[in-house]
Amino acid sequence: MVDKKPNRHDPHGSLPIPTYDEAVNARPSSSQPFLGAEEISNDAERQGLLWREEQSGHQSSAVESPRSSLSFSNSSRASTEELRHEMMTQMDVLEPEANGGRIRGNLLRRNQLSKRITSLTHSLSSLSFRQWLPSCDYVIAKIPTFIRQFQPNWAIMISRLFALFLVFSLVYLLFFSDVFTVGRRGPGSATKFPDMVREFVRSNANASSIRESSKYLTLFDHVAGTKGSYVLGEFVENMFIESRLEDVQMERFDVYLNYPKLGGRRVAIIDPPELAWEAVIEEEQAHESREQTMVFHGHSRSGKVKGPLVYANYGSREDFKRLQNQGIDMGGSIALVRYYGSQGDRALKVKAAELAGAVGCIIYSDPAEDGFLLGNDTVQRGAVSLMSWVVGDVLSSGFASFPGEERRDSKDGNPGLVNIPSIPLSWRDAQTLLQAVRGHGMKLDDHWKGAVPQVDEWWTGDANSPIVLLQNDQEEVERSPIYNILGKITGVEQPEKSIIVGSHRDAWCFGAADPGSGTAVMLEVVRIFGELRKSGWRPLRTIEFASWDGEEYNLIGSTEHVEGRLEEIRRNGFAYLNVDIAVSGSDFEASASPLLQMALLRVLERVVDPKKNKTLRAVWAEKGSKLGGLGAGSDYVAFQDIAGTSSLDMTFKGGSYPYHSCYDNFDWMDTVGDPGFVFHKTMAQLWALLILELADRELLPFNFIDYAEAVRNYVGDLQTYAEAKGPKEGLNMTSLHQAADDFTENAAEFHAWNKAWEDAVGQGYETNEMAIKRISHNTRMANFETNLLDIGGGLPGREQFVHVIYAPQAWSGYEETYFPGMVIINMPPGVVPQHQPILMGPRSP
């Protein structure tokens, strides 16, 4: 039994967070306006509207569904149950009420028919012959009257014998002919039923329902390991239960997290005295009536350091190299760098500063990248753990940190952690620091200038710059509980094989976009599938839903889950579908294994852009968009790079938004990010349809021709990179090019079977033999990327990453690289490579 006691850790002292029961029971009906952020007073919070210190247990059956009073789109009916039944009947999925409302065999082609036959067989075996005969008396009515007049006894006997003959003939047909086969199909039925389900899924995504979930999910901040994240975990758990998911559970891991101490952070100019100044650090209150997360870096190093201030642009290794070439010594300095740039991962900025000799690092949000957003105080929080080097719990790298599991790693000298303290700042605070280094070091050109107002001249600073104090006193919790919420719909043909669907739940503050948009959309997808489940529908393969915790701290929840089930996921995980930030704008983007490109394009063809009134596939084609590669930005990493499960991540992006700020809240999303939640609804349609593509198509829609073409491009990029880095003499990649050509040829031959199966099924029923071959064919396709793992090896210094074609770039983090180990030759064990091929190349074939 999973320990479901919440972590009572509270970095604020006393968070006004509701218990689960208080939260959901306080939610209004459809006739009562939802209690908005502005209407929650401090007094109301303290009176128990949002939190009681003693949390009561909950019974899901006593909780009113937040969606129980919602109607489907395009309907004026009050009862969703009536509308569901009517719609399914109109779609020829349900039989009329006169027949008991039983699901037609075409809908339940895989399990309901067998249940009826089992019931019939049981009835026959439990009845005596005389008990069975009267049940056939209706046949007598079909015997001509003159026969009954002349031979009444013989007529009755003949009619009953005829009825028995019909019953046994039916049993024979069902059990001993090809009518009853695995996944049987009749002429033309291969598309009729799936299209019905797809249309049901597409048409029942509800923007109002998603908006309601978003409003609740953003009521309070919910950093991983705090009460807020736990309460939202209970909320998601209950939504899973209400939607009839099976085996709903909280999966607990005890992991290393840290939190800021009140009064423990400080950035100040302490010398010369005439420049004395101290940073505000904190953001203004996004909501007057709510407490919010303090400004800090997750997994940052505790410490109190001081040194001369040096501005180092984006904080990349190249930027620090330029300073060194100009004679500016970083030794003992405090580095001031800005977010983004060629080395966007904030952790790698801190690591580069550490390697350059700095004793502390400040990262600020410059208006040149973030825009002027919602004020000069906007701050980007975030983790500085090295997720492109070590992913998951840094104290249990390579194994799951279940409660009580012995730890083998230490915080000191840990390859997943930085060794100098860091703090994020707004440009309001950075403005004073940038002004203070004027006249010190090197005057900068436009390439290093940001857009902070009232900084007339940009200088680097040097050893004679003003002295800055950086204090970062953290509360460190080596065994902080986090909770993944899991649930599933078991498949009927290959129940052991899974399509895994995930979105993380923890946020740095209120998290309307990151990750509230993803969680709200996933709850809508779960609700839609729950409606299908009420009708008796099940997919061919199991669908697993997961709400991850601890993603913001180094992708912990998903990684620990994969490490805890590694062999099972490698063997049975067919695909992983991730949505993190579902919506922050209106431009669709996707990154994935090339195997999933065909399935994605099919779905994009079925969904319309809500602003442009064109299919998303048409919009994508007009923009020249292509499928991107997977780096280390979200929860797909462990699935793709450790388990070898083909993965996909998708989002609707826009311009700058208050990323990892407390201004990323419901008000921003409702008025700026996605008014009307129309793109949230569109993402729900996309996600649900993609799940159906992978979980309920007889033939798994993987395409090796796409993958082969992608590999061909990767090989070309690798050759270009190698030629640019060294002499061309002796460089012979003929065998690698030949392997890519062979892959292309073999992929075409492999998929020839797909066409043969489709032709055969289109003209008749699928036989048992064909079904067995199809299932084997699907499994071989799904195992392809698992067979691309270098199990027991991995990248030198980054042994967790074992995929031979894909990995995060070692010094870019969020970006991907192809053939990541190809140029790492004779690398000593435990040494992290300082140079890595950046094979940007085509994003997809």
Side-chain angles (χ1 to χ4, degrees), residues 2-24 50-51 53 55 58 213-214 216-240 248-260 290-294 296 298-299 381-383 385 392-393 401 403 475 477 479-486 502-520 522-523 546-561 580-581 634-635 660 662 664-666:
V2 176
D3 182 358
K4 297 176 63 173
K5 293 182 180 179
N7 178 16
R8 294 294 183 181
H9 173 77
D10 184 351
H12 301 308
S14 179
L15 275 174
I17 299 171
T19 63
Y20 174 77
D21 281 336
E22 291 169 322
V24 295
L50 290 181
W51 179 256
E53 194 59 32
Q55 180 174 338
H58 72 272
S213 291
S214 174
Y216 178 72
L217 291 165
T218 54
L219 277 175
F220 42 83
D221 58 352
H222 42 285
V223 177
T226 66
K227 291 181 289 190
S229 185
Y230 181 83
V231 169
L232 286 190
E234 285 195 311
F235 168 70
V236 171
E237 180 186 35
N238 185 69
M239 292 301 99
F240 281 12
V248 176
Q249 60 178 293
M250 280 187 164
E251 178 184 47
R252 172 176 167 172
F253 298 101
D254 291 349
V255 302
Y256 168 59
L257 302 176
N258 67 342
Y259 308 92
R290 307 185 199 180
E291 294 193 49
Q292 62 189 41
T293 312
M294 292 187 282
F296 76 112
H299 280 159
R381 298 157 181 80
S385 34
D393 180 25
S401 54
E475 179 183 351
V477 185
R479 293 184 178 274
S480 179
I482 63 170
Y483 300 89
N484 297 329
I485 312 302
L486 310 174
S503 182
H504 78 92
R505 185 180 70 255
D506 63 306
W508 288 115
C509 199
F510 302 117
D514 184 10
S517 61
T519 299
M522 183 174 72
L523 291 177
S547 172
W548 308 119
D549 199 357
E551 187 271 356
E552 296 292 2
Y553 285 87
N554 210 39
L555 317 178
I556 296 179
S558 57
T559 303
E560 300 309 302
H561 175 82
D580 185 335
I581 305 171
S634 192
D635 288 302
H660 286 183
C662 286
D664 176 18
N665 55 23
F666 180 80

[X] versus [Y], closest heavy-atom pair with distance:
X: A520; Y: S213; value: CB-CB, 4.1 Å
X: G516; Y: L217; value: O-CD1, 3.9 Å
X: P403; Y: R252; value: CD-O, 3.5 Å
X: L555; Y: T559; value: O-OG1, 2.7 Å
X: V231; Y: F220; value: CG1-CZ, 4.0 Å
X: D506; Y: Y553; value: OD2-N, 4.5 Å

Tell me every residue that passes ring pair (Phe, Tyr, Trp, His ring centres under 6.0 Å) with H561, counting only those two or more places apart in sequence or in another chain.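 Only W548 meet the ring pair (Phe, Tyr, Trp, His ring centres under 6.0 Å) criterion with H561.
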Do [X] and [Y] have side-chain heavy atoms sitting under 4.5 Å apart?
X: Y256; Y: I556; value: no
X: N484; Y: M250; value: no
X: R381; Y: M294; value: no
X: H504; Y: D580; value: yes
X: F253; Y: D549; value: no

Taking the side chain from [X] and the backbone from [Y], do they hold a donor-acceptor pair closer than 3.5 Å?
X: T218; Y: S214; result: yes
X: D393; Y: V255; result: no
X: N665; Y: F510; result: no
X: T226; Y: V223; result: yes
X: D664; Y: C509; result: no

Given S503 and E551, is the side chain to side chain contact (heavy atoms under 4.5 Å, CB included) satisfied, shown in steps? CA-CA 9 Å; S503 182; E551 187 271 356; over 6 Å; no
side-chain hydrogen bond (donor to acceptor under 3.5 Å, both in side chains) partners for N554, two or more places apart: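 Here no residue qualifies.
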Would D221 and E291 count as a side chain to side chain contact (heavy atoms under 4.5 Å, CB included) here? Give the steps. CA-CA 8 Å; D221 58 352; E291 294 193 49; 5.8 Å; no
Assess the residue pair R505 and S547 against the criterion (side chain to side chain donor-acceptor pair (under 3.5 Å)); give the C-alpha distance rounded to whole Å, side-chain angles, the decisive distance to 0.1 Å, and a yes or no. CA-CA 6 Å; R505 185 180 70 255; S547 172; 3.0 Å; yes
For D635, check salt bridge (charged side-chain N to carboxylate O under 4.0 Å, His left out) against everything at least two apart and list the hits.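 Result, salt bridge (charged side-chain N to carboxylate O under 4.0 Å, His left out) vs D635: none returned.
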With rounding to the nearest 0.5 Å, note down the distance linking CD1 in I485 to CD in E237.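 Answer for the CD1-CD pair, I485 versus E237, is 5.5 Å.
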Measure up the Y230 and Y483 rings against each other and bin them: parallel (under 30°), tilted (30 to 60°), perpendicular (over 60°). perpendicular
Would L523 and F240 satisfy side chain to side chain contact (heavy atoms under 4.5 Å, CB included), going step by step from the backbone distance to the final call? CA-CA 8 Å; L523 291 177; F240 281 12; 4.2 Å; yes
Taking it one step at a time, do Y216 and L232 satisfy side chain to side chain contact (heavy atoms under 4.5 Å, CB included)? CA-CA 9 Å; Y216 178 72; L232 286 190; 3.7 Å; yes
Quickly, which of Q292, E552, H222 forms a side-chain hydrogen bond (donor to acceptor under 3.5 Å, both in side chains) with W508? Name it, please.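 It is E552, the one option of Q292, E552, H222 that forms the side-chain hydrogen bond (donor to acceptor under 3.5 Å, both in side chains) with W508.
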